[in-house]
Asks: 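Submitted below is the structure of interest, expressed as structure tokens.
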Amino acid sequence: MKRKQLTFEQRYAIERMLKDKHSKKSIISTPELVESTFYRELKRNGKKRVYTTKHA
């Protein structure tokens, strides 16, 4: 699958799922989300171990 940026809606969904204490594996299993993209997104936009859509 070709790399692409996440949309605002995808980033917001990730933020909500993390706040609702979903496991990372269950978040990755959502359609159109590649594991490497997910972890890269957390690394780049997670401040102080908290992911927020504002930082993305």
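Just so it is clear, the structure is predicted and the values come from calculations on it, not from any experiment.
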Asks: What is the distance from atom OG1 of T37 to atom CD of E35, rounded to the nearest 0.5 Å?
Replies: 10.0 Å
Asks: Applying side-chain contact (heavy atoms from CB on, under 4.5 Å), run through T30 and Q10 and close with a yes or a no.
Replies: CA-CA 10 Å; T30 58; Q10 289 173 317; over 6 Å; no
Asks: Do we see a donor-acceptor contact under 3.5 Å between the side chains of S26 and S23?
Replies: yes
Asks: Evaluate I28 against V34 for side-chain contact (heavy atoms from CB on, under 4.5 Å), listing each step before the verdict.
Replies: CA-CA 7 Å; I28 292 170; V34 180; over 6 Å; no
Asks: Applying salt bridge (Lys or Arg N to Asp or Glu O under 4.0 Å), can you list everything that pairs with K19, at least two apart in sequence or on another chain?
Replies: E15
Asks: What distance separates I27 CD1 from I14 CD1, expressed to the nearest 0.5 Å?
Replies: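 Answer for the CD1-CD1 pair, I27 versus I14, is 7.0 Å.
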Asks: Just checking Y39: does its OH atom have more than 12 heavy atoms from other residues, nucleotides or ligands closer to it than 6.0 angstrom?
Replies: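 Correct, the count exceeds 12.
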Asks: Just how far is it from atom NZ of K24 to atom CE of M17, taken to the nearest 0.5 Å?
Replies: 13.5 Å
Asks: Nearest 0.5 Å, what's the CD-CD distance between E41 and Q5?
Replies: 9.0 Å
Asks: Would you name the heavy atoms of R11 and L6 that are closest together and state the gap between them?
Replies: NH1-O, 3.2 Å
